[in-house]
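When a ligand or atom number is given, it counts from 1 through the structure's own listing order.
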Amino acid sequence: MHRDPIPFVDLSAQQKAIDAQLRARIDGVLAHGRYIMGPEVAELETRLADYAGVPHCISVASGTEALLISLMALNLEPGDEVITTPFTFIATVEVIVLLGLTPVFVDVEPDTCNIDASQLEAKISARTRAVIPVSLYGQCADMDEINEIAARHGIAVIEDAAQSFGATYKGRRSCALSRLACTSFFPSKPLGCYGDGGAIFTDDDDLAQASREIRVHGQSARYVHTRIGVGGRMDTLQCAVVLAKLDRFDWEIEQRKTVGSRYRQALDEIGIASVTVRPDRDSVYAQYTIMVDDRDALQQRLTEAGVPTAVHYPTPLNEQPAYKQFGEAGETPQASSLSRRVISLPMHAYLDADTQADIVTRFGEVIA
Ligand SMILES: *Cc1c(COP(=O)(O)O)cnc(C)c1O
């Protein structure tokens, strides 16, 4: 058996496949020289809005910026509460706290690792203004149930779709399922650029306008600052990179799903539990994540066997030093348990069957 290094995410294989489009797109930007808000920005926004099936897409500097600007567009007040999951990347809760809002944590489902919609209503108070479900690992949360509860209480829903752009939920696409949605083009996300980038999606004209203004320092006309904003634009060059990748994106999603089902079958056979994907939706497998006992020891042995892994996430955010003031000890037992048991395996659209079989073989040897 060969012992070549196996990449966790293979961006170079993708780059080879799109080389011609990439160079043409980048040359186009170098030729016109409009590095900020050049024509590729609007072109990308139109393509992404059409893809998701939403009237408005606003490109921004990162997924984190997308979450920040979305919350700013809602005009919340310090002390207002925003409900989210503790089992996510730090950015989801960071932006809440940065704006002086109070995060309130709802536990996750033990099989999908997404926010448990059945526990949402109990955490809604008179001060709750928004809920940010995270579509973790590439699979949408229970958006219909969440939207229904939120509508009854008059609170906004922002899908954190940083990992799920391209996923479908009951025949609709992630980012088209709630009042606002945010995605990320961090290089290793399912649709990535070559730096930082992100986007906000909304069906609401006023929130779209507010987001566009906040993205450029709250400017409604040149040097007229109608509201407080940020420097949150996405570079023209990064938009060009995403455009170069878009034609292949559906094919890549299919490849990811093929890799996902091969893992699921092989791991089922040896009794290893994978994150569940519900039958009414799919996953774009931003990560292929499994649950195991003795995770840290397994990770060590997989590293020694040449199988790179990652842990998303080793600590629930309500147990992080800077955030535990917002949580109550033991309030989210599923998130705590999962944080000790989850581990993600190599996953990308260019993972061929032989390499994947090799990964599964090495995995089997390590747990034998
Ligand atoms: C990656 C990610 C973000 C942040 O995106 P950046 O583009 O890195 O700022 C936010 N939320 C989740 C769930 C993510 O995975």
Out of all atoms in ligand 1, which are within 4.0 Å of some heavy atom of [X]? Include the element for each.
X      : answer
Val134 : 13 (C)
Gly63  : 5 (O), 6 (P), 7 (O), 9 (O)
Thr88  : 13 (C)
Ala162 : 2 (C), 3 (C), 10 (C), 11 (N), 12 (C), 14 (C), 15 (O)
Ser184 : 5 (O), 6 (P), 7 (O)
Thr92  : 11 (N)
Ser62  : 7 (O), 9 (O)

Exercise. Does ligand 1 have a heavy atom under 4.0 Å from the side chain of Thr64, from its backbone, from both, or from neither?
Worked result: both
For this session: Using a 4.0 Å heavy-atom cut-off, say whether Lys189 meets ligand 1 through its side chain, its backbone, both or neither.
Result: side chain
Problem set entry | Note, Asp144 side chain near Glu148 side chain (heavy atom, < 4.5 Å) | no
With no hydrogens and no angle check, just 3.5 Å: does a side-chain donor-acceptor pair link [X] and [Y]?
X      : Y      : result
Thr112 : Glu109 : yes
Ser164 : Gln139 : no
Ser344 : Tyr288 : no

For this session: Would you mind checking which non-hydrogen protein atom is closest to atom 11 (N) of ligand 1, with the distance to 0.1 Å?
Result: Asp160 OD2, 2.8 Å
Problem set entry | Shortest protein heavy-atom distance from atom 8 (O) of ligand 1, along with the residue and atom involved | Phe186 CD1, 3.8 Å
Exercise. Would you say Ala91 has any N or O atom under 3.5 Å from an N or O of ligand 1, going by distance alone?
Worked result: no
For this session: Would you check, one step at a time, whether the test side-chain hydrogen bond (donor to acceptor under 3.5 Å, both in side chains) holds for Asp268 with Tyr263?
Result: CA-CA 8 Å; Asp268 276 356; Tyr263 267 140; over 6 Å; no
Are [X] and [Y] ion-paired here, with the side-chain N under 4.0 Å from a carboxylate O?
X      : Y      : answer
Arg47  : Asp247 : yes
Lys257 : Glu252 : no
Arg281 : Asp142 : yes

